[in-house]
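Structure first, commentary second.
All values reported here derive from a predicted model rather than from experimental measurement. FYI, the numbering just counts along the sequence from 1. Values below: every heavy atom of this structure, side chains too, minus hydrogens, waters and symmetry copies.
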Amino acid sequence: MTRTIAVVNHKGGSTKTTSTVNLAQALVEAGHTVRVVDLDPQCNATTWLGATPEAVDNDVLSVLMMVASIEDATTITASGIHLVPATKELDSVGPYFLKKPGAHGVLRKALADAPDVDFNLLDCPGDFDHLTISALVACTDVLAAVMTGAMELEALMRIENYITQQVELLNPTARLNHILCGRVELGQVIDQQVLAALRETYPDQTMRTIIPKSVRVSESYSAEEPVVRWAPSSWGARPPPTAARELAERVSSC
């Protein structure tokens, strides 16, 4: 069964795209088929995976507007990821959702009708808007990508409340399943304390694997390749394959 994982956080800069792109590549290299759906108007996952938003005929907005299928909007990257690219025009999609009943279910149906893959990874915007709702309605799992900052516990509680208040009726199975900590500096006391608090408060959801802060990860964005492909021997490239294996094990046990 395809697992559709919404990668969420209600704020920007929380490692959502970093987690999405590098988990996707690590899963592909482990033998899985992976589709990345970029729902963020900033188009960072699209750019990171080597695509130019303006150069494609169809994108995720075409899918949401029901003028193209997932298959029509998919481009396969050089590294084997099936990418449904974003467009900056996603910023203006709000009125469409407000005017069209059932619009939040369009992505779910489009993915159900799409060719099978092992994983769909949905890279969500840095806020709780119609695009994030669409992802949460479509998903089988919710993965919160967080940094080990002082406000992360509060952020996770907001995510849980949002799912309960905005999504539960449309997707009763939606819940916070996985928490992946990124940009961790274990030499910092605050990072150690937050990580310990996360594991105490969310023992089942917090993944064992952590992603340390690495300049190579940031550099790989400019190279338009996931770090596990661009700098595979670097320190920053070592944790994503471990995280991918752990995620695959977690979803297979559900």
Side-chain angles (χ1 to χ4, degrees), residues 1-8 16-17 19-41 43-87 89-90 93 96-97 100-125 129-143 167 170-174 177-178 226 244 247-248 250-252 254:
M1 182 183 73
T2 298
R3 300 303 288 242
T4 297
I5 302 174
V7 184
V8 303
K16 290 186 303 297
T17 299
S19 300
T20 299
V21 165
N22 288 292
L23 278 174
Q25 188 61 52
L27 286 166
V28 166
E29 294 187 4
H32 300 284
T33 52
V34 181
R35 179 186 294 119
V36 170
V37 181
D38 189 357
L39 288 162
D40 191 338
C43 308
N44 287 334
T46 298
T47 302
W48 203 332
L49 291 172
T52 303
E54 298 80 9
V56 298
D57 293 327
N58 294 300
D59 49 41
V60 72
L61 182 58
S62 307
V63 174
L64 294 173
M65 299 291 288
M66 296 190 292
V67 298
S69 67
I70 288 284
E71 189 171 14
D72 291 337
T74 295
T75 180
I76 300 179
T77 71
S79 60
I81 295 170
H82 295 240
L83 171 67
V84 181
T87 170
E89 294 176 0
L90 283 168
V93 78
Y96 170 76
F97 281 97
K100 186 173 180 60
H104 291 120
V106 169
L107 180 60
R108 176 170 60 187
K109 185 178 186 307
L111 289 170
D113 294 340
D116 286 341
V117 293
D118 296 323
F119 292 91
N120 290 309
L121 298 183
L122 314 181
D123 187 32
C124 295
D129 66 357
H130 296 287
L131 297 167
T132 301
I133 293 176
S134 291
L136 292 170
V137 169
C139 75
T140 58
D141 298 77
V142 178
L143 185 151
V167 183
L170 298 173
N171 182 1
T173 64
N177 307 93
H178 319 286
L247 182 62
R250 290 172 66 89
V251 300
S252 67
C254 296

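Scanning both residues, Ala174 and Leu136, for their nearest heavy atoms gives CB-O, 4.0 Å. Residue Arg3 comes nearest to Val251 through the heavy atom pair NH1-O, 3.0 Å, listed as atom of the first residue, atom of the second, then distance. When every heavy atom of Ala110 is checked against every heavy atom of Ile70, the shortest pair comes out as O-CG1, 3.5 Å. Listed here is the closest heavy atom pair of Val137 and Gly105: CG1-CA, 4.3 Å. Here the closest heavy-atom approach between residue Thr132 and residue Pro125 is recorded as OG1-CD, 3.5 Å. Residue Leu111 comes nearest to Ala138 through the heavy atom pair CD1-CB, 4.1 Å, listed as atom of the first residue, atom of the second, then distance.
In this structure the side chain of Leu83 never reaches within 4.5 angstrom of the side chain of Trp48, judged on heavy atoms. Contact of the Arg108 side chain with the Leu170 side chain is not registered, since no non-hydrogen atoms from C-beta on lie closer than 4.5 Å. The side-chain heavy atoms of Thr47 and Pro85, taken from C-beta on, include no pair separated by under 4.5 Å. Counting heavy atoms from C-beta outward, Asn177 and Ile5 have side chains that stay 4.5 Å or more apart. Under the 4.5 Å side-chain criterion, counting only non-hydrogen atoms from C-beta, Leu122 is in contact with Thr4. In this structure, the side chains of Leu107 and Leu39 come closer than 4.5 Å at one or more pairs of heavy atoms. Between Leu61 and Val93 the shortest side-chain heavy-atom distance falls below 4.5 Å. Looking only at side-chain heavy atoms (C-beta outward), Leu23 and Phe119 stay at 4.5 Å or farther from each other.
Without hydrogens or angle criteria, Asn171 side chain to Cys139 main chain gives a donor-acceptor distance under 3.5 Å. Put simply, the side chain of Arg35 gets close to the backbone of Pro115: a donor and an acceptor are under 3.5 Å apart. Proximity of a side-chain donor or acceptor of Asp59 to a complementary backbone N or O of Ala86 within less than 3.5 Å is not detected. In terms of modelled atom types and a separation under 3.5 Å, the side chain of Ser62 and the main chain of Val67 share no donor-acceptor contact.
Put simply, CG on Leu64 and CG on Leu90 are 6.5 Å apart, with the number rounded to the nearest 0.5 Å. Leu121 contributes atom CG, which lies 10.0 Å from atom OG of Ser19 (distance to the nearest 0.5 angstrom). If you take CG on Asp141 and NE2 on His178, they are separated by 3.5 Å, rounding to the nearest 0.5 Å. The line from OG1 of Thr20 to CD of Gln25 is 13.0 Å long, rounded to the nearest 0.5 Å. Rounding to the nearest 0.5 Å gives a distance of 11.5 Å between CG of Asp40 and OG1 of Thr87.
With 3.5 Å as the limit, one finds a donor-acceptor pair spanning the side chains of Asp38 and Thr46.
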TODO: Could you walk me through whether Val21 and Val36 pass side-chain contact (heavy atoms from CB on, under 4.5 Å), step by step?
DONE: CA-CA 8 Å; Val21 165; Val36 170; 5.8 Å; no

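The aromatic rings of Phe97 and His130 sit parallel to each other, their planes meeting at less than 30°, with 60° as the upper class boundary.
In this structure, the side chain to side chain contact (heavy atoms under 4.5 Å, CB included) partners of Ala73, at least two apart in sequence or on a different chain, are Asn58, Val63, Val84.
Residue pairs meeting the salt bridge (Lys or Arg N to Asp or Glu O under 4.0 Å) criterion with at least one member in residues 109-123, sequence neighbours excluded: Lys109-Asp113.
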